[in-house]
Amino acid sequence: MTLLDPTHAPAARSWLATANAAGCDFPIQNLPFAVLRKRGSGEAYRGAVAIGDQALDLAALQARKLLPGAAADALALAAQATLNDFMAAGPGAWRALRHALFALLAEGAAQADAVRACLLPLADVEYALPARIADYTDFYTSLDHALNCMRIMRPEADVTPNFRWLPQAYHGRASTIGVSGQRFHRPRGQFLPPGASAPVFAPCTAMDYELELGLWVGPGNAAGQPIAIDQAEQHLFGVCLLNDWSARDIQMWEMNPLGPFHAKNFATTVSPWIVTMDALAPYRTAWTRPAADPQPLPYLELGAQRATAALDIQLEVRLQSEAAARAGRGPARLTGTSFRHQYWSAAQMLAHHTAGGCALQAGDLIGTGTISGPGPGEAGAMIELAHGGQKPVDIGGGERRGFLADGDTVILRGWCEKPGAARIGFGECRGTVLPAIAI
Ligand code: CA
């Protein structure tokens, strides 16, 4: 695990005043990474770190040659048009750059003027995906989500027996992953309309979102050489918000027995900023497994890591309809929960992914699966909130939703906050459903 160090000190402040404002997602204790450029500029994309309401342009910073040694080497990797090489460099490089950037941005830094010249207002940037994603895997690791979905059909239903023994997952599609702001067309596919005896091929009628986190893989592993559970976090660079858009009617018809295909492969949206595992260190919390449940097999057993393997990341889903946007009404809040309730931890997902010999590569993306909490108002997908569309949800302005309508924008937010630690945030992950393309 990462120990706390001076970069986590809650009293630390930046010479940039907006970084010290209450409620800011990007104080000096956060320092998340993205890839961006000035909006509409046609410039090359490059790595950046968020601070207050600004982005520190790492390519511009590198040109000023302010950093020595290992930090300079790490900066050269992080300044590129994708973060893959920086992710591959591992925890030593990540930590060297974090500490060097913290020093440059801290109150009283001698080079503040030179660094200030490398800032771009966040309001004026556009983002690219932070890495070339060779492979994308989506897990299914929230017991509350799984139970909520099973119980729409049968109130007494339990999850399948394997759920409590292994972190379930399917191999997803990397080609349609987009960065926040993604707009995509409602997919077409085969589904069985209610009461029908034969399927139709038509635009999805049960469009949904899934509140998830994305885990970005750092150094990969060679095929046939699994990552051991006690090493798994050394292979984890950081965390972003992820929306796994889901076509429920298509999913119901197609997924038995091989899993989702059309239902999931048309769009997945991630937030641009990756909050590093180092930044999340103050928000580690105990991972627990009820004594009555199966205990993990040895290759998934966290051992001493149980004390710190869960992450208390608070999450929220909001929805803004086209009508609400036109009327100037803000988005309606649908859900608030925390990732700390997840049945399987990030380390267990990585260990299980590679346990059979599968190779991961730097920049691979792993979805955690929908994150739902145990209480009311903690469901991470519309199918749970609206009971399969049967109990539409009030979104204000006289509008209700059983599933998403064309023009709906879903906004995910995440942050960490507790007494004795600096609040850090993830920014937002926003995506909009457009009408199906006419064919
Ligand atoms: Ca999912």
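Note that the structure is predicted; figures quoted are calculated from it, not measured. Order of listing sets the numbers, starting from 1, for every ligand and every atom in it. Numbering starts at 1 and runs along the sequence shown.
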Check: Can Thr409 and Thr432 be counted as having a side-chain donor-acceptor contact under 3.5 angstrom?
Finding: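 Result is yes, a qualifying pair exists.
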Next item on the list: Decide side-chain contact (heavy atoms from CB on, under 4.5 Å) for Asp278 and Leu31; before the verdict, give the C-alpha distance in whole Å, the side-chain angles of both, and the deciding distance to 0.1 Å.
Entry: CA-CA 10 Å; Asp278 269 352; Leu31 306 179; over 6 Å; no
Notebook entry, point to check: Is there side-chain contact between Asp364 and His353, with at least one heavy-atom pair below 4.5 Å?
Noted result: no
Notebook entry, point to check: With a 3.5 Å cut-off and no angle check, do the side chains of Ser142 and Asp144 form a donor-acceptor pair?
Noted result: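 Absent: no donor and acceptor within the cut-off.
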Checklist line | Atom pair CD1/CG of Ile229 and Leu297 - distance to nearest 0.5 Å | finding: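 Rounded to the nearest 0.5 Å, the CD1-CG separation comes out at 11.5 Å.
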Margin query: I need the protein N, O or S atoms closer than 3.0 Å to the Ca ion (ligand 1), given as residue plus atom name.
Written below: Asp138 OD2, Glu210 OE1, Glu212 OE2, Asp244 OD2
Margin query: With heavy-atom distances below 4.5 Å as the criterion, would you say the side chains of Gln342 and Trp287 are in contact?
Written below: no
